[in-house]
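As the structure is a prediction and not an experimental result, all values here were calculated from the model.
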Amino acid sequence: MKAAIVGGGWAGLSAAVELSRAGVQVTVFEAARQVGGRARSVEARGRRLDNGQHILIGAYRETLRLMTAVGVDPERLLKRLPLEVNFPDGKGSHFRMRLPRLPAPLHLAFGLLGARGVSVAEKFSAVRFMRFLQDARYCLDADCTVSTLLDRHRQRGKLRTCLWESLCLAALNTSPKQASAQIFVNTLRDSLGGGRAATDLLLPAADLDRLFPAAAASFIAAHGGKIRCATRVETIDDGFQVAGERFDGVLLAVGPQHAATLLARQQATAETAQLLAGYHFEPIATVYCGYAPQLRLPFPMLGLAARGRGEIGQWAFDRGALCGTPGVIAFVLSGHGAWEELDRQELVAQLDAELASALHTRLPVIAWQQVIREQRATFSCRPGLRRPAARTARSGLWLAGDYVCAEYPATLEAAVRSGLAAARGMLLERRG
């Protein structure tokens, strides 16, 4: 069997690895000059940076399993830390929640009740909220926005803003006022509602290429497959001919907007194309700032709490503590917001000022800066959003991508799961 994988992101590479393990001869077509999609390393001003700061969690079972399958040691390249959320404001009002290493669900109960910087009423309200979700088996009667769900369960104060809303924005890359409550609840089910290890933060201690894309490409090549970068696929004909080569099946692992264009050219898949063409998208910016090497954050991942005075900061990561590049701080801005209106210099200056205010100290002068903006980083994860199936109406043509994994938002785990599911479906269809 010969299979074409159109798209060399984490979904496409996951599918290609799974098919290669089954003896399929795969060819991966990637429009960019390197594989990795939206989670890869880039060269910028002579420095090796990631095109975005990514976070993994212990619940990413399939991602961790596949990393191991292609020869990557997750425990060496990922820094495993207990879930800890820190939002200092420079005035002594420091929100902090850390989950202790206790069996589930005690770790969550003790973590919520032991949170600092919040009232006792907020803590018990959060415990009741999680208990409601557990009793409902994390299934809502009807989807709504995350803000509506939090209002219904009287989630207020800093636990709402620093925990629930910040987790929503980080996981769904969509404002709580627009984000799907059911998808958010699904992420809570598999993280806070899972085993203790499922809540651990897995922060990359190496560049993204080393986490999976480079090893996956080597694995595919070792199993007789090919990677064709800088090859944009414009069309797929009726005989599954791609870039001048004929295949037995094709797996599309590109973004929804690109998939819509390719699917629209075939009558059998026009309905799916129309569905995807209606998707909205959310941006992400990663702002790298090079300070003096002695600058260290008190925690590898630090929250920047907006206090209603025009602040834009969300998260700051200490790349020195994580990746061995002292003084490099990565600021992450998710979803639509006021930050989009700022140019590069304004963005850097404001984030620098907000970090200094949060730490209540004067920061060293920034020696260099790099701003990476992804205008269509993820699909907008809204209530009731229809998601396509992996199997299309055309035999032999399959879809993969985080938007195909119906239970999850646009995460690396969703991309990996979608790739594996599409590959397994393609194998079953072939055998049938």
Worked verdict on Gln155 versus Thr161 for side chain to side chain contact (heavy atoms under 4.5 Å, CB included): CA-CA 9 Å; Gln155 299 303 294; Thr161 57; over 6 Å; no

So, are [X] and [Y] salt-bridged, with charged N and O less than 4.0 Å apart?
X	Y	result
Glu43	Arg48	yes
Asp200	Arg80	yes
Glu413	Arg417	yes
Asp190	Arg61	no
Asp151	Arg160	yes
Glu407	Arg387	no
Arg319	Asp50	yes

Less than 6.0 angstrom separating the ring centers of [X] and [Y], yes or no?
X	Y	answer
Trp315	Phe331	no
Trp368	Tyr291	no
His280	Phe379	no

[X] side chain near [Y] side chain, heavy-atom distance below 4.5 Å:
X	Y	result
Gln182	Val185	yes
Ile329	Tyr288	no
Leu167	Phe184	yes
Thr286	Leu49	no
Asp402	Tyr408	no
Leu78	Met67	yes
Val233	Val250	no
Leu149	Trp164	no

Do we see a donor-acceptor contact under 3.5 Å between the side chains of [X] and [Y]?
X	Y	result
Thr145	Thr148	yes
Arg47	Gln370	no
Gln350	Asp352	no

[atom2] on [Y] to [atom1] on [X], rounded to 0.5 Å:
X	Y	atom1	atom2	answer
Phe317	Leu302	CZ	CG	10.0 Å
Leu342	Ile312	CG	CD1	5.0 Å
Lys79	Leu56	NZ	CG	15.0 Å
Leu83	Met97	CG	CE	5.0 Å
Ser334	Glu374	OG	CD	12.0 Å
Ser175	Glu282	OG	CD	8.0 Å

Take a 6.0 Å sphere around [atom1] of [X] and say whether it holds more than 12 heavy atoms from other residues, nucleotides or ligands.
X	atom1	answer
Glu271	CD	no
Asp238	CG	no
Lys2	NZ	yes
Glu346	CD	yes
Arg232	CZ	no
Gln267	CD	no
Asp141	CG	no

Considering non-hydrogen atoms only, spot the tightest contact between [X] and [Y] and give its length.
X	Y	result
Glu30	Gly8	OE1-N, 2.6 Å
Ile57	Leu202	O-CD1, 3.4 Å
Leu192	Met130	CB-CE, 4.1 Å
Ile372	Asn51	CG2-O, 3.5 Å
Arg394	Asp237	NH2-O, 3.3 Å
Cys405	Ala414	CB-O, 3.6 Å

Stepwise side chain to side chain contact (heavy atoms under 4.5 Å, CB included) check, Phe95 with Val85: CA-CA 8 Å; Phe95 172 83; Val85 182; 4.0 Å; yes

Check against side chain to side chain contact (heavy atoms under 4.5 Å, CB included), Met1 and Gln25: CA-CA 6 Å; Met1 180 181 176; Gln25 183 182 344; over 6 Å; no

Side chain to side chain donor-acceptor pair (under 3.5 Å) between Glu429 and Trp398, worked out: CA-CA 10 Å; Glu429 181 184 46; Trp398 292 76; 2.9 Å; yes

Asp209 side chain vs Phe212 backbone, donor-acceptor pair below 3.5 Å: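 No.
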
Phe29 six-ring face occupied by Arg228 cation (under 6.0 Å, within 45°):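 The answer is no; the distance or angle limit is not met.
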
Residue pair Phe247, Val242: steps toward the side chain to side chain contact (heavy atoms under 4.5 Å, CB included) verdict: CA-CA 7 Å; Phe247 296 89; Val242 181; 4.0 Å; yes

